[in-house]
Amino acid sequence: MPTNPRLPRRFFRADAESLARKLLGQRLVRILPDRTRLAGLIVETEAYLGEPDAASHAYRRRRTPRNEAMYAPPGTSYVYFTYGMHFCFNIVCGKTNEPLAVLIRALEPTEGQQAMRRNRLSAPRPMPKPIADTALCSGPARLCQALAIDRSLNGIDLTTDGRLFLEPASGPVADDLVQRTPRIGVAYAGDWAARPLRFVIRGNPHISRKTVPKLAKFR
DNA sequence: ATGACGATTTACT
DNA sequence: GTAAATCGTCATA
């Protein structure tokens, strides 16, 4: 049976800012072990620029077991565990050995919302009320939970793997629909905290925050 | 071996 | 608006 086209390797062979911009409107697809297909359109991303970027896990070319996947070829996944309970999913870009990545921060769910909701209702904590569609994948850890993305998907090749990949969706998002803001949760990064490296589809209800973050304290 | 911290989310005032 | 949850990771020693 025919398989849908995917974004090819060359799509990811780009600097992090360009890729973060180009990923808006593209489709992220997750196939579960039972063959359930989950998918959503990317509506929020953040670029992490590697060596010079104080907010990046690869700042000063730091290389540890955790972030090893950042040094892999473009189109590799980088999934990391944080705050003792959450996973976040990135797409590695640039060239091999150049630790650039784009964090996927929110999706507009398009397929498998029922299964997503089921995934969200399990760990780490049950939720009291039904989850609105706009809250299903509106945050980097939420979307990982909804799509059942965990450590087992770290370092995989998104251009060939059958479990997690990207498909081209509606054409490029128009420039006037793209809004840039500072990145979320990187106040520790000094000057880099203020750089407008977060990309969102303006006004989309599935993004993680409604308002532009204000700059928190330095240190 | 130890301790400080985190590319977050949720509940609660 | 503030704080708790929760533990792998990494720098330091």
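Order of the sequence lines sets the chain letters (A, B, ...), proteins ahead of strands, with each chain counted from 1. Hydrogens, waters and symmetry mates play no part in the numbers below; they use all other heavy atoms, side chains included.
The side-chain tip of A/Arg66 does not point at the ring of A/Tyr78 from less than 6.0 angstrom away and within 45° of straight on. Both tests do not hold together for A/Arg21 against A/Phe199: distance to the six-membered ring centre under 6.0 Å, angle to the ring axis within 45°.
In terms of phosphate contacts, A/Arg62 brings no side-chain nitrogen or oxygen within less than 4.0 Å of OP1 or OP2 of C/dT9. Look at A/Arg66 and you won't find any side-chain N or O under 4.0 angstrom from OP1 or OP2 of C/dC7. Checking the phosphate oxygens (OP1, OP2) of B/dG6, no side-chain nitrogen or oxygen of A/His86 falls inside 4.0 Å.
Side-chain contact check for A/Arg27 and A/Thr110: at least one donor-acceptor pair (N or O, by modelled atom type) lies under 3.5 Å.
The distance from atom CZ of A/Phe89 to atom P of B/dT8 is 16 Å, rounded to the nearest whole Å. Spacing between atom CG of A/Leu121 and atom P of B/dT10 amounts to 11 Å, rounded to whole angstrom units. Taking atom CD1 of residue A/Ile149 and atom C1' of nucleotide B/dA7, one finds them 15 Å apart after rounding to whole Å. Going from atom CE of A/Met85 over to atom P of B/dT10 covers 10 Å, rounded to whole Å. One atom, CZ of A/Arg63, and another, P of C/dC10, lie 13 Å apart when rounded to the nearest Å. Separating the CD atom of A/Glu68 from the P atom of C/dG8 is a distance of 20 Å, rounded to the nearest angstrom. In this structure, the CZ atom of A/Phe87 is 12 Å from the P atom of C/dC7, given to the nearest Å. In this structure, A/Met70 atom CE and C/dC10 atom P are separated by 12 Å, rounded to whole Å.
Between A/Phe87 and A/Phe89, the ring center distance fails the sub-6.0 Å criterion. Between A/Tyr48 and A/His57, the ring center distance fails the sub-6.0 Å criterion.
Lacking a ring centre under 5.5 Å from that of the base six-membered ring together with a plane angle below 30°, A/Tyr188 does not count as stacked on B/dG6.
Within 4.0 Å of A/Tyr83, counting heavy atoms only, lies at least one base atom of the nucleic acid. Nucleic acid contact class of A/Ala141 (heavy atoms, under 4.0 Å, all strands): sugar-phosphate only. Counting non-hydrogen atoms under 4.0 angstrom, A/Arg151 reaches the backbone sugars and phosphates but no base.
Of the listed nucleotides (C/dC10, B/dA7, B/dT9), B/dA7 has the atom at the smallest distance from the side chain of A/Ser56.
Remark: C/dT6 base-pairs with no nucleotide in the shown strands. Criterion, Watson-Crick or G-U wobble with two distances under 3.5 Å.
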